[in-house]
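Notes to accompany the following structure.
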Amino acid sequence: TAEGYRVLSDHAWTLALFCLWLIYPWISSLSLSAFWCADVGELSILRADLSIVCSGASYAALVVFASIVVAGVGLGLPLFVAGLVYNARDRLRRDDWKLPSQQP
């Protein structure tokens with residue numbers, strides 16, 4: 001039924017957002033570690049992976065990918081959740097608010 005689908009959809013969104021918030025710090029930390037190099041002698045190597053030289057082509061590709069992840073996840077997820085809260089602000093202000101699946 002439509003009501004059952006709506007309840008399942010609400011629970012799926014809740015679970016997905018909960019899982020994203022659980023892995024958010026790990027993904028953010030991991031992606032930001034791509035920008036942390038250390039000077040060892042005449043080389044500059046990536047602290048997270050000592051086999052990557054920070055002036056090499058593989059590091060340049062890693063920086064591009066990490067930048068996309070930082071922008072997409074690091075900034076995108078909080079903005080997405082802020083947008084969800086902003087869109088639901090009228091329902092959240094009421095004292096008797098309910099989930100969409102609980103509404104008549």
Side-chain angles (χ1 to χ4, degrees):
T1 67
E3 180 64 24
Y5 176 75
R6 189 182 318 157
V7 170
L8 183 62
S9 176
D10 289 344
H11 289 298
W13 269 106
T14 302
L15 180 62
L17 288 173
F18 178 74
C19 290
L20 282 173
W21 279 115
L22 283 179
I23 64 172
Y24 174 78
W26 177 73
I27 291 174
S28 297
S29 175
L30 189 63
S31 60
L32 288 172
S33 71
F35 302 103
W36 193 15
C37 293
D39 293 329
V40 178
E42 294 186 16
L43 286 177
S44 181
I45 59 173
L46 186 64
R47 287 182 183 250
D49 185 351
L50 301 177
S51 67
I52 297 178
V53 178
C54 290
S55 60
S58 60
Y59 178 70
L62 178 66
V63 166
V64 169
F65 180 72
S67 299
I68 292 169
V69 171
V70 166
V73 175
L75 299 174
L77 183 61
L79 290 174
F80 175 71
V81 172
L84 289 176
V85 171
Y86 182 78
N87 285 335
R89 68 189 178 280
D90 292 333
R91 277 191 293 133
L92 294 173
R93 285 185 186 144
R94 288 183 286 192
D95 291 335
D96 62 338
W97 67 276
K98 295 180 180 176
L99 294 172
S101 62
Q102 297 172 334
Q103 306 228 348

(message) Taking CH2 in Trp13 as the centre, count heavy atoms belonging to other residues, nucleotides or ligands within less than 6.0 Å. Is the count above 12?
(response) no

(request) Please check if Val85 and Phe18 belong to a single hydrophobic cluster, counting links between Ile, Leu, Val, Met, Phe, Trp and Tyr side chain heavy atoms closer than 4.5 Å. (result) no

(request) Group every Ile, Leu, Val, Met, Phe, Trp and Tyr by side-chain heavy-atom contacts under 4.5 Å, then state whether Val69 and Leu30 land in the same group. (result) yes

(request) For Ser29 and Pro25, indicate whether the former's side chain and the latter's backbone hold a donor-acceptor pair under 3.5 Å. (result) no

(message) Would the distance check show the side chain of Tyr24 and the main-chain N or O of Pro78 forming a donor-acceptor pair, the cut-off being under 3.5 Å?
(response) no

Are [X] and [Y] packed together at the side-chain level, in the sense that at least one heavy-atom pair is separated by less than 4.5 angstrom?
X     : Y     : value
Leu46 : Phe35 : no
Leu84 : Leu17 : yes
Leu20 : Phe80 : no

Distance check, rounded to the nearest 0.5 Å: [X] atom [atom1] versus [Y] atom [atom2]?
X     : Y     : atom1 : atom2 : result
Glu42 : Ser55 : CD    : OG    : 11.5 Å
Ile23 : Leu77 : CD1   : CG    : 9.0 Å
Leu62 : Ser31 : CG    : OG    : 10.0 Å
Leu32 : Ile27 : CG    : CD1   : 11.5 Å
Ser33 : Arg47 : OG    : CZ    : 11.5 Å

(message) With side-chain contact (heavy atoms from CB on, under 4.5 Å) as the test, pick out the partner of Tyr59 among Asp49, Ile45, Ile52.
(response) Ile52

(message) Could you report the tightest heavy-atom contact between Gly74 and Ser28, atom names first, then the distance?
(response) CA-OG, 4.2 Å

